[in-house]
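I have placed the structure first, in the form of structure tokens, so that the comments after it can refer back to it.
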Amino acid sequence: MARRSITVPIVLLVIAAALIATTTQFTIMFNGPPPGPGPLPLARLAEALRTGIVPATAQARMTVARTQEDKFGREKERPSPARDAAIARLIGVPVERIHGLYQFPARDPEQDMHGSFTVALEDGNGWIVASSLSRPAFTRWHLARLLGMLGVLLVLSLLAWGVARRISRPIRELAGAATRVRLGARQPIPQKGPREVHELARALDSMQERILHEAENRSAMLGAIAHDLGTPLSRIAFWVEQLPDDARLRAEADIEEMRAMLKAALSFTRDGRDGAPHEKLDLGSLIESLVDDLATAGKPVSVEAGPRAVVRGNSAALRRLFANLIENAVRYGERARLRWSLAEGKVDVLVEDDGRGFDLARAEALFAPFVRGETSRNRETGGTGLGLAIVRSIAEAHGGEVSLENRPDGGGRVRVRLPA
């Protein structure tokens, strides 16, 4: 099926926005009154000055008042003797009794009045002053235009929001699928949406396949090497028996260390990649059972009971995850304390110790295989450098994450977050 390009809805949105805006402005322009006041016939002004009363047809255009002062007019108005003479002729008085100021003096003095004006007639007892009403800065015509523009903005905003949501939905789904990609578990990539997003999804799916294939090959190679090294180690152990006691003890310790490293390497290649089915289990019960077993074996470990937390996972892999964290806490921090909490569909398990804490600048590097927090290479404290790598591998296989923190009062803290 041919897929439409992502540019099509964007272009259509722009065209629709232009059409809607133009149509609205055209409608307002040809259906509303003009923004300014209409012209005033000169005869209406003359009648108002002669009678002192504004004609009913001109009440929306001017006002009439009596005053004793001879100061009137506005700053923007200017005198026009020709216009004064035309008004005097209509009233039938000498032009000397008319004093007018006009915003737009016309070339034809008999022409209707435009703009603002102030015209005074001297009647012997003062002045009769006819002046145009002040034009409001915000008229109904302006209000109509403003409401029309706001309406257009609202319609276009809703239209743009809908189009943007429709365009971005497959991108969000694609991003979510990419976030859930884990080694050993192929994640289905949704291949829908516009042509460009579809091509991106296909490329991402192909990349996922290549990465998983490469990771499986490397894991298989590492597992094969670790497994095959067991045979020569057994032969070496046999020949070591013939060495003097001091040399034999040192050699046996080295062999045991190598066997521990091989065992950890084999575990690392299996954990989170063995395809074991996940089932519902009570994480709190699993942790408490593990702590009881280790405490019985003499490990300084304790647990603080928390709320019931049900997760989907492999119980053996999760026991190995927390056993590794407890082993690290005891080795580097003297003791291990566990507790957990449940919030927003996530369960946080904290493993705390009383050690020196973590170098947070190296936090990400500590999760890499064969990287050890203790750099002395001491047999008692060095470890194999695979403990945290195995922990992250198992956590990610369960859709979770692991982070390192330092406690405010000293010591380290490992936070394991799993979906509940």
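The basis for the numbers below is simple: all heavy atoms, side chains too, and nothing from hydrogens, waters or symmetry mates. Start at 1 with the first residue, then count along the sequence.
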Apply salt bridge (Lys or Arg N to Asp or Glu O under 4.0 Å) to [X] and list each qualifying residue two or more places apart in sequence or on a separate chain.
X: D108; value: none
X: D112; value: none
X: E77; value: R74

Which residue pairs pass the ring pair (Phe, Tyr, Trp, His ring centres under 6.0 Å) test with at least one member in residues 391-420, sequence neighbours excluded?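 Pairs touching residues 391-420 that pass the test: H278-H398.
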
Counting neighbours of CD on E110 that are heavy atoms of other residues, nucleotides or ligands and sit closer than 6.0 Å, is the number greater than 12?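 Check passes, neighbour count above 12.
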
Taking only residues two or more places apart in sequence, or in another chain, which ones meet [X] in a side-chain contact (heavy atoms from CB on, under 4.5 Å)?
X: E401; answer: R417
X: S289; answer: D293, R319
X: A420; answer: L342
X: I171; answer: V197

What residues, two or more places apart in sequence or in another chain, satisfy side-chain hydrogen bond (donor to acceptor under 3.5 Å, both in side chains) together with [X]?
X: R413; result: E352, E405
X: T51; result: none
X: D359; result: none

Check against side chain to side chain contact (heavy atoms under 4.5 Å, CB included), F358 and L366: CA-CA 9 Å; F358 298 102; L366 293 176; 4.2 Å; yes

With sequence neighbours left out, write down each residue that passes ring-ring contact (aromatic ring centres under 6.0 Å, His included) with F72, or none if nothing qualifies.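 H99, W127.
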
